[in-house]
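Just the heavy atoms: all of them, side chains too, but no hydrogens, waters or symmetry mates, feed the values below.
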Amino acid sequence: MKLLEMNHIQKSFDDLEVLKDISISVEEGEILSIIGPSGSGKSTLLRCATMLETIGGGEIRYMGEQVASAQDGRAVYVKGDTMKKVRSYFGLVFQSFNLFPHYSVMKNITDAPIHVQKRNKDEVYKEARELLKKMGLEDKEDAYPCQLSGGQCQRVAIARALALNPKILFFDEPTSALDPELTGEVLKVIRSLADLDIAMVIVTHEMQFAKDISHRVIFMDQGVIVEEGSPEYVFSSENARMREFLGRFHQAEGV
């Protein structure tokens, strides 16, 4: 089943057209990486998918149900309980963590499941401790974000997103704010999520990571999809813009 469909999405900021007729879909359990140069529209696409930006054209569907559509720059979104249900389908991990600084690690993870999803507190705490163990942070539940490294904060952010039991998890350049050593630890955690059979959409500049983990890769440039397919297909593309973008990556690989 297609969890997410984004059809003919357009988005402009004033006179700058950032997304130009973009269409993507994500299947259950699929891992999709979106790569491309800065300014290509990758993060904007993710923000449109998660309703943080309004679309200027096209439609968005979750689980086959239309949740947003736009014509002539006017966007219409579902409201109320329907939107609440739609938001429960996905989790989002930001590049800047976005943890609540005045909440402990445990409260950051459990607050939304308890107060928004109205789930059983004991059950939520049990799941949160299991997630912290998976993140290698079982001894940090009472710590505050200011007491953690950037890599630890990002792992808490991943646990927080997973605690909502989403069907699809979005990552917006999850390692861009981290130094190389911390980047490695976060990528290792994301790799470990593959066995959860949860769909993931990952905007990333980590080419080897995208190549290794993805079922499918999309290369965007200047607001359009230039290449799309398996990692093998995309990373061996003969497209001139793709080859230019991947030049350093291929050089590092000795290709």
Next item on the list: Give the ring-plane orientation class for His102 versus Phe100, where under 30° counts as parallel, over 60° as perpendicular and anything between as tilted.
Entry: perpendicular
Donor-acceptor contact below 3.5 Å, side chain [X] vs main chain [Y]:
X      : Y      : result
Asn108 : Tyr103 : yes
Gln147 : Tyr144 : yes
Glu5   : Gly64  : no
Lys42  : Phe219 : no
Ser104 : Lys107 : yes
Gln152 : Ser149 : yes
Arg155 : Met135 : yes
Thr82  : Val78  : no

Is any NZ, NE, NH1 or NH2 atom of the basic residue among [X] and [Y] found under 4.0 Å from an Asp or Glu carboxylate oxygen of the other?
X      : Y      : value
Lys211 : Glu232 : no
Glu130 : Lys134 : no
Glu238 : Arg243 : yes

Once you round to the nearest 0.5 Å, how far does [atom1] of [X] lie from [atom2] of [Y]?
X      : Y      : atom1 : atom2 : value
Leu148 : Lys140 : CG    : NZ    : 6.5 Å
Asn239 : Phe245 : CG    : CZ    : 12.0 Å
Arg61  : Ser69  : CZ    : OG    : 9.0 Å
Thr204 : Phe209 : OG1   : CZ    : 6.0 Å
Ile55  : Arg74  : CD1   : CZ    : 12.0 Å

Notebook entry, point to check: What's the verdict on side-chain hydrogen bond (donor to acceptor under 3.5 Å, both in side chains) for Glu59 and Asn7, showing C-alpha distance, side-chain angles and the deciding distance?
Noted result: CA-CA 5 Å; Glu59 67 160 6; Asn7 300 316; 2.7 Å; yes
Next item on the list: Start with the C-alpha gap between Met200 and Leu169, add the side-chain angles, then the distance that decides, and say whether side chain to side chain contact (heavy atoms under 4.5 Å, CB included) holds.
Entry: CA-CA 5 Å; Met200 292 189 271; Leu169 198 53; 4.2 Å; yes
Enumerate donor-acceptor pairs with a distance under 3.5 Å from any side-chain N or O in residues 156-167 to protein atoms, sequence neighbours excluded.
unit_1, atom_1, unit_2, atom_2, d
Arg160, NH1, Asn98, O, 2.9
Arg160, NH2, Phe97, O, 3.1
Arg160, NH2, Asn98, O, 3.1

Check: In this structure, which one of Lys2, Arg216, His215 forms a side chain to side chain donor-acceptor pair (under 3.5 Å) with Glu30?
Finding: Arg216
Item checked: Step-by-step side chain to side chain contact (heavy atoms under 4.5 Å, CB included) determination, Leu187 to Ile213 -> CA-CA 10 Å; Leu187 294 181; Ile213 198 174; over 6 Å; no
Notebook entry, point to check: Which pair of non-hydrogen atoms, one from Thr54 and one from Cys48, has the smallest distance, and what is that distance?
Noted result: O-SG, 4.5 Å
Item checked: By side chain to side chain contact (heavy atoms under 4.5 Å, CB included) - contacts of Ser214 (at least two apart) -> Ser33, Ala210, Val217, Pro231
Item checked: Distance flag, aromatic centroids of Tyr62 and Phe90, threshold under 6.0 Å -> yes
Margin query: Within the 3.5 Å criterion, strictly below it, is a donor on Asp172 or Ser43 matched to an acceptor on the partner's side chain?
Written below: yes
Margin query: Do Tyr233 and Glu227 pair up side chain to side chain, a donor and an acceptor below 3.5 Å, judged on atom types alone?
Written below: yes
Check: If you group Ile, Leu, Val, Met, Phe, Trp and Tyr by side-chain heavy-atom gaps below 4.5 Å, do Ile168 and Val203 land in one group?
Finding: yes
Next item on the list: Sequence neighbours left out, what pairs pass salt bridge (charged side-chain N to carboxylate O under 4.0 Å, His left out) with at least one residue falling in residues 7-29?
Entry: Lys11-Glu53
